[in-house]
Amino acid sequence: VVIACPCALGVATPLAITAAIGAASRRGILVSDARVLETIRRITLVVLDKTGTVTDGDFRLLEADEDALPSLAAVERYSEHPLGRAVVAYAEQRGIGIPPATNIEVQKGLGITGDVNGVRVAIGSTRFLQNEAKADEGRTVAAWSIGDRKGILVFGDALRPEAAELVASLRSRGIRTSIVSGDSRETVAWAARETGADEYRAETLPSQKADILREYQVAGNTVAMVGDGVNDAPALAAANLGIALGSGADLAMKAAPVVLMKPSLELVTEVFDLAHLTRTVVAQNLFWAFFYNAAGISLAISGLLNPILAAAAMVLSSLSVIANSSRLNRWKKS
C-alpha cells in the first residue's frame with residue numbers, strides 16, 4: 001500500500017508546467033494558458049503579421065506633398081495606425097501647423113476620412129482610394145485625396161534583424177511560415193523573400209486575416225499567429241495558438257494566450273525551445289515515477305521491501321521529480 005502511493009505521478013506534469021511558466025515569465029514571456037505548451041508540439045504553420053512584427057513598425061515618411069501635409073496630419077491625428085503616427089510625427093518635426101479636423105471616420109484596414117476647413121480629406125490604402133501607385137521594394141505606399149486633389153505618401157520600414165533567423169529556426173523544426181499583411185503585394189513579397197518565408201498573402205483586410213487562418217486550418221494545419229496590432233486580434237483569436245508582441249495593441253494582447261513583453265522575435269524561438277524542454281522534463285518525470293512504483297511494488301510483493309524503506313522510496317521518488325522539474329527554473333536561452 002505504501003509503495004503504491006502515486007504521489008510522484010500526481011505532480012510529475014503540473015510541477016513541470018508550473019516551473020516552465022515561471023521560467024517563461026522571467027524571460028519576458030507571459031503564458032496565460034498552460035495548454036499552450038502542449039499546443040506548440042502540434043504547430044505546423046506559423047503566420048506572421050508584417051507591420052510591427054516582421055518589420056520594426058517604425059515608419060518614416062520619405063515622400064510627401066508638403067502642401068497637403070497639414071490637412072493629412074489633421075486627420076491622421078485620430079488614427080492608431082503606424083502610418084498615421086508617422087505622418088503626424090513628420091509634420092510636427094518640421095513645425096507644420098496642424099488644423100482641427102471633424103467628422104472623422106475610420107475604415108478598419110482601409111483608411112481614414114475627415115473634414116478639414118470644410119474640405120473632405122481621405123487617406124488610406126491605394127485600393128481604398130483606387131490609386132494604382134506601386135511601392136518599390138521595402139517601401140509602403142498610401143494614397144490620399146483632398147477634395148479633387150490626389151497624391152501618394154511613401155514610407156520606409158525596416159525588417160527586424162531577427163526575422164530571418166526565426167523563419168530559419170522554424171524551418172529546422174519542420175514548421176512552415178507565411179506572412180499575411182494588408183500591405184501591397186510588392187512590399188509583402190519583398191518581406192517574404194528577405195526573410196525566407198514559405199509564402200505570403202497581401203492586401204488583406206483585418207477580417208480576412210482570420211479567414212485565411214481558418215483556410216490553413218481546414219487544409220490540415222495547426223496554426224500559430226504572431227502579431228502586434230489591433231487589426232491582428234481576430235486572427236490571434238482564430239489561431240490554434242496566438243502570440244502577441246507586447247509592444248502592440250492591448251486588444252491584440254488580450255486575444256493571445258502568449259504575450260512577449262519585449263518586441264523581439266527571438267522570444268518566439270524561445271517559446272518553442274521552452275515547450276520542447278518542458279515535454280522532455282514531463283516525460284522524464286513520468287518515467288522515474290513509474291520506475292519507482294513498478295520496482296517498489298515488485299519488491300514489496302516478493303517480501304524484500306519493508307514499510308520504512310517503502311516510505312523512503314516514495315519520498316525519494318517525489319524528490320527526483322521535484323529536482324528534475326527545477327531544471328526548468330534554471331532554463332536559459334541556448
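Please read these numbers as outputs of a predicted model, since none were measured by experiment.
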Find out if a path of hydrophobic residues (ILVMFWY) with successive side-chain heavy-atom gaps under 4.5 Å connects [X] to [Y].
X	Y	answer
V88	I112	no
L72	Y90	yes
L69	I98	no
V268	L159	yes

Can you tell me how far the [atom1] atom of [X] sits from the [atom2] atom of [Y], to the nearest 0.5 Å?
X	Y	atom1	atom2	answer
N324	Q284	CG	CD	4.5 Å
M261	L267	CE	CG	10.5 Å
D157	T187	CG	OG1	9.5 Å
D228	T51	CG	OG1	8.0 Å
L48	M225	CG	CE	8.0 Å
T278	I17	OG1	CD1	8.0 Å

Counting distance only, does the side-chain N/O of [X] pair as donor-acceptor with the main-chain N or O of [Y] below 3.5 Å?
X	Y	value
R60	A86	no
T204	S181	yes
R160	P263	yes
S169	L166	no
T44	T222	yes
S32	P257	yes
S71	A68	no

Closest heavy-atom contact between [X] and [Y]?
X	Y	result
G147	V119	N-CG1, 3.5 Å
V282	A16	CG2-CB, 3.6 Å
I152	W144	N-NE1, 3.3 Å
A74	A101	O-CB, 3.6 Å
R77	P99	NH2-O, 3.3 Å
A20	L37	CB-CD1, 4.0 Å

Pairing residues for E162 by the side chain to side chain donor-acceptor pair (under 3.5 Å) criterion, not counting sequence neighbours = none
request  = With sequence neighbours excluded, tell me which residues meet side chain to side chain donor-acceptor pair (under 3.5 Å) with R35.
outcome  = D33
query = Should V54 and E194 be marked as a side-chain contact (heavy atoms from CB on, under 4.5 Å) after you check the CA-CA gap, both sets of side-chain angles, and the distance that decides it?
reply = CA-CA 10 Å; V54 171; E194 291 297 309; over 6 Å; no
Hey, are the side chains of [X] and [Y] touching, using non-hydrogen atoms and a 4.5 Å cut-off?
X	Y	answer
N221	R176	yes
V87	F155	yes
R85	F59	no
R149	D67	yes
L328	T18	no

ask   = Restricting to pairs with a member in residues 200-210, which pass salt bridge (charged side-chain N to carboxylate O under 4.0 Å, His left out), not counting sequence neighbours?
value = D49-K209, R201-E215, K209-D232
Taking salt bridge (charged side-chain N to carboxylate O under 4.0 Å, His left out) as the definition, give me every residue that meets it alongside [X], ordered by chain and number, with sequence neighbours left out.
X	value
R120	E105, D115
R41	E38
K50	D183

remark   = In D198, I179, V167, V226, the residue satisfying side-chain contact (heavy atoms from CB on, under 4.5 Å) with V46 is V226
request  = Decide yes or no on side-chain contact (heavy atoms from CB on, under 4.5 Å) for L265 and L260, but give the supporting numbers first.
outcome  = CA-CA 9 Å; L265 293 179; L260 310 181; 5.8 Å; no
Stepwise side-chain contact (heavy atoms from CB on, under 4.5 Å) test for R139 and W190 = CA-CA 9 Å; R139 299 289 182 259; W190 168 81; over 6 Å; no
ask   = side-chain contact (heavy atoms from CB on, under 4.5 Å) between S25 and L30: does it pass, once the steps are laid out?
value = CA-CA 5 Å; S25 66; L30 301 185; 4.3 Å; yes
ask   = Looking at D65 and K150, does any basic side-chain N land under 4.0 Å from a carboxylate oxygen?
value = no
